[in-house]
Amino acid sequence: MPSWAPLAALVVVVGLIVLHLAVRSTRTWVWKVLTGLGSLMLVALVYFGLFWAPPEAFMSDVGRIIYVHVPFVWMCMLAFTVNVGAALAYLFKKSWRTDALAESSAEVGVFFGATGVLMGSIWARPTWGVWWDWDPRLISTTVMLLVYVGYLAFRSFTEDPERRAAWSAAAAILGYVSLPITWFSVQWWNSLHQRQSGSGTMDKPIRVVYFWGAVSFLTFLFVFIVKRYEIARARQTGALELPPLEAPKGQVTT
Amino acid sequence: MSVGPRVPLLKAAWLVLLKDWQIEWRTRARLTALIFFALSTLLLFSFAMGPDTDALRRHAPGYLWLALFFASVLSLGESFRIESENQALLGLILNPVEPRAIFLGKVFGNASLLFGLSLLLLPVAVALYDIELSKAPGSLLLVLLLGSIGISAPGIVYSAISANARARDVMLPLLLFPVLVPLLLASVNATRFCLGPDAQNQLPSWLKLLTAFDLIYLSVGFLLFPKVAEED
Amino acid sequence: MQSQPPAIEIDDISKRFGSRWAVSRLSFTLPAGRSLLLTGHNGSGKTTLLRMIATATFPTAGKISIFGHETREKRELLRHDVALLSHASYLYEDLTAAQNLTLLARFLGVDDSKKQVAELLERIGLTERADSPVRQFSAGMRKRLSIARLLMKAPKLALFDEPFGELDPAGILQMENLLKELQGKGVTIVLATHLIEQGQSLTQERLHLDQGRKETP
């Protein structure tokens, strides 16, 4: 695979995403194109990841899981960033759209994150000989997931939709703020214990496939969030329209 | 409009804090129960570990902070249970008291309670885990204080929102604990270096992390709390 | 030219709880100094309307202005002048009657809080129980304490949600006198009650709600 391929794919994917967001009339078909494109890219990723890229120096063939594992965690972080953006937008100006976006991005983010952590655990077993190791990235990602599992649980345990939107926006911001602090403190703590962390340098072909994987999953991240958002919006409608204006206006009974 | 003498923000926060102390004092049976809950947590850790003095001493900072974490869930939950009885929180807001004053008052009220609790736990930890307090008592107090504020600042916001959710007793720790992970790391390590040798002089960095955590969550909570406490 | 803005100006408000509309497309104006009787069955939206006027909650759509100020924008300002006597007493169960009132006095910045608390307790006839925690109080006593809270605040607009409930006959008489006294001081009053005849003798205007809509009674 030429080294410019992931970048070219990224340009196409981002272009389609922008098209979907900017032009309302394209929303019926852009997601289908993205799904098709993503599926093709996934097939290519299987080939490039399993057969084309050379085995990784330290981890041999087991290391190939990073083409999926690492992009998944990236997509998860991207989704949570969308979530906090939607939460901030909601607090500045109340809107059911941003609330629906917050809900859908958190849910899709938890899916990608949980799958990513699971794959990390599968990777850890042959690499380090244990299912779970105190690797700082694994810990930080798991803590991040817990934050958003709590967030989703809170959403489902709160009845009043308006209060839920405001409260969960606050919870989303508090949670997102904690992510970099957790990351730094875990890194710090880890260096204190003189622990090895995973691979540092990467061969060029490996990096190219890695980015290719990230772009493939970006299409799915987008399509998942869009579809989940549409579900959330559909649940909201009906409950949101104003009641009809039946009663005569402006009469004061004395 | 006729406006009476307005109470400034910090004064109002102080009044909220005094009110919370007053209620704690009037319900001191509940407070005592909280203290004994934390003490028995410490005791349980030592039972669970067995009579290995070295291990106990090494892990004492962790046990101390976990006991405080568990107790904090109870005290934070209580802090908004009293406000949800008779819709007292709404009463305060309509009084009117600025929601931000309520946030500051409650954070520091709860932090003072946890700090006091940690002071009570120290001698017990000495007895159970054979730790030495005299090495850096000033820094130790600072760590306990910063840690208490750090639990309370996000804790008060989460407690306010979970007070109205179903299964609120589970909701609060589920929301709060993941966010407190860096605070746990920082306070446990800082406490460790206050109690034992600190060859690489790491205490200052953990203290900085604690301070940063407190400042970040005090400011984020200060900004968010009005949106949480009031309908909009 | 209007010299004084109306006490309450409701402009096409609706309020939703979940998927249910508690108040639907309601418009109404109450001139300052007049008193309003608010009637309707249980669940007709009376309490929700009072809570919206008191800035405890805000309409999902439409606007309410109190003395010419929009409630959402000017809530801090309005809260000094509006008081709500509601089903919820806003009392701290673990504090005594006197402590509850003193707390309010301090937040209001009352100078001589001790004297005023003593006077109010005397007025509502709870002097002897001043140092008992509210937890031990009956519903009627809590209501009296809520009245003391309202009096301490000295509002320009006083909202009463079922004030006669939980009171004994003597208490009802006192409540009527209190309403008349406040009216005499120029306080605008909104009275939500089932006791229509009693309410009509005390008020000039009437608003009847049915399922959150304005109805002719």
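Letters A, B, ... mirror the listed sequences (proteins, then strands); counts begin at 1. On a predicted model such as this, the values are computed, not experimentally measured, just so you know.
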Tyr129(B)-Tyr63(B) aromatic ring centre distance below 6.0 Å = yes
task = Please report the shortest heavy-atom distance between Leu68(B) and Ser118(B), naming the atom on each side.
result = CD1-CB, 3.7 Å
message = Which one wins on heavy-atom pair count under 4.5 Å against chain C: Leu92(B), Leu15(B), Thr27(B)?
response = Leu15(B)
task = Measure distances from Arg72(C) to the heavy atoms of chain B and classify the residue's part below 4.5 Å as side chain, backbone, both or neither.
result = side chain
task = Can you tell which part of Glu230(B) gets under 4.5 Å to a heavy atom of chain C, answering side chain, backbone, both or neither?
result = side chain
message = If I compare all heavy atoms of Arg142(C) with all of Val134(C), which pair ends up nearest, and what's the gap?
response = NH2-O, 3.2 Å
key: Geometric cation-pi criterion, Lys106(B) with Phe80(B): 6.0 Å, 45°   = yes
remark   = Answer key: most heavy-atom pairs under 4.5 Å with chain B among Ala56(C), Pro133(C), Ala54(C), Ser89(C) is Ala56(C)
ask   = Which region of Leu103(C), side chain (C-beta onward) or backbone (N, CA, C, O), has a non-hydrogen atom less than 4.5 Å from a non-hydrogen atom of chain B, or is it both or neither?
value = side chain
query = Of all heavy-atom pairs between Pro154(B) and Val179(B), which one has the smallest distance, and what is that distance?
reply = CB-CG1, 4.4 Å
